[in-house]
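Below, all heavy atoms of this structure are taken into account, side chains as well, without hydrogens, waters or symmetry copies. Residue numbers count from 1 along this sequence.
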Amino acid sequence: MGWRSTEVGLNFRIIGMALASAREELETVYTASFITICFSAILMYYIERNAQPKVFKNIGDGIWWTIITFATVGYGDIYPITFLGELLGCIICLVGVTMVAIPTGIISSSFINIVQKKKQNLEKENDSQ
């Protein structure tokens, strides 16, 4: 049995509805993430620039490091060597994991609510017939 295009379309509509219903919460989380990334990038640049002037040449390098650490990718091309830099790195890594988990929970909760409402509507329709 293959997937019918109407089923796929319905599934994408449900995902779209889940994202739309959680829009405010997602905007809040992503705004907080953006602010955290910008603040951390500037802070990391000022912490590490004297210890590693060739590595942290500008705030752009701090932004690169922060995004990679925040996403817990950690390429290893830029990393802190001072105690404060390493401490900030640990904090950013933990905050990054949290900031990825929060939207995942928000979207999942919204998706489950929509699916449950659809099931309830189908049950009501079947009971009335």
Side-chain angles (χ1 to χ4, degrees):
M1 234 198 259
W3 285 26
R4 294 190 310 229
S5 62
T6 56
E7 290 173 354
V8 173
L10 177 63
N11 291 335
F12 278 116
R13 276 190 300 224
I14 291 172
I15 292 170
M17 290 174 6
L19 291 171
S21 70
R23 182 175 176 205
E24 272 186 47
E25 294 88 350
L26 292 173
E27 285 175 353
T28 301
V29 171
Y30 292 134
T31 300
S33 295
F34 177 76
I35 291 168
T36 302
I37 287 170
C38 290
F39 179 74
S40 299
I42 293 166
L43 192 58
M44 181 56 79
Y45 169 70
Y46 283 109
I47 290 172
E48 290 290 320
R49 71 180 174 164
N50 292 331
Q52 302 185 76
K54 291 183 181 178
V55 176
F56 285 92
K57 297 180 287 281
N58 53 44
I59 292 178
D61 292 330
I63 290 172
W64 169 255
W65 172 86
T66 303
I67 291 172
I68 297 306
T69 304
F70 196 82
T72 67
V73 172
Y75 288 126
D77 56 342
I78 296 178
Y79 53 89
I81 60 171
T82 65
F83 173 75
L84 285 177
E86 290 172 345
L87 180 63
L88 180 61
C90 291
I91 292 168
I92 291 304
C93 190
L94 294 173
V95 169
V97 168
T98 304
M99 296 307 255
V100 169
I102 290 171
T104 303
I106 291 169
I107 294 167
S108 298
S109 175
S110 178
F111 183 76
I112 288 169
N113 286 337
I114 289 170
V115 169
Q116 285 176 343
K117 285 178 186 177
K118 289 213 175 281
K119 283 183 181 179
Q120 288 172 353
N121 289 341
L122 284 174
E123 288 173 2
K124 285 180 185 177
E125 288 176 12
N126 290 338
D127 289 343
S128 65
Q129 291 176 358

Check residues 68-81 and write down every donor-acceptor pair under 3.5 Å in which the side-chain atom is one partner and the other belongs to a residue at least two apart or another chain.
{"unit_1": "T69", "atom_1": "OG1", "unit_2": "W65", "atom_2": "O", "d": "2.8"}
{"unit_1": "T69", "atom_1": "OG1", "unit_2": "W65", "atom_2": "NE1", "d": "3.2"}
{"unit_1": "D77", "atom_1": "OD1", "unit_2": "W64", "atom_2": "NE1", "d": "3.4"}
{"unit_1": "D77", "atom_1": "OD2", "unit_2": "W64", "atom_2": "NE1", "d": "3.0"}

Residues 88-111 vs side-chain hydrogen bond (donor to acceptor under 3.5 Å, both in side chains), sequence neighbours excluded, gives S21-S110
side-chain contact (heavy atoms from CB on, under 4.5 Å) filter on Q116, not counting sequence neighbours, yields I112, N113
Minimal heavy-atom distance between G85 and M44, with the atoms involved, is O-CE, 3.2 Å
So salt bridge (charged side-chain N to carboxylate O under 4.0 Å, His left out) across residues 95-119, not counting sequence neighbours, yields none
Here the salt bridge (charged side-chain N to carboxylate O under 4.0 Å, His left out) pairs for residues 22-43, sequence neighbours left out, are R23-E27
Applying side-chain contact (heavy atoms from CB on, under 4.5 Å) to I91 and not counting sequence neighbours gives L87, V95
Notebook entry, point to check: Do the non-hydrogen side-chain atoms of I67 and I37 ever get within less than 4.5 Å of each other?
Noted result: yes
Sorted by chain and residue number, the side-chain contact (heavy atoms from CB on, under 4.5 Å) partners of L19 (sequence neighbours excluded) come out as I15, L26, I107
In this structure, CD1 of I92 is separated from CG of L43 (nearest 0.5 Å) by 8.0 Å
Applied to residues 43-54, the side-chain hydrogen bond (donor to acceptor under 3.5 Å, both in side chains) test, sequence neighbours excluded, yields E48-Q52, E48-T82
On a heavy-atom basis, the closest approach of I106 and A22 is CG2-CB, 3.5 Å
Margin query: Starting from V29, can I reach F39 by hopping between I/L/V/M/F/W/Y residues whose side chains sit under 4.5 Å apart?
Written below: yes
* **Hydrophobic cluster identity match, V97 and L88, side-chain contacts under 4.5 Å** => no
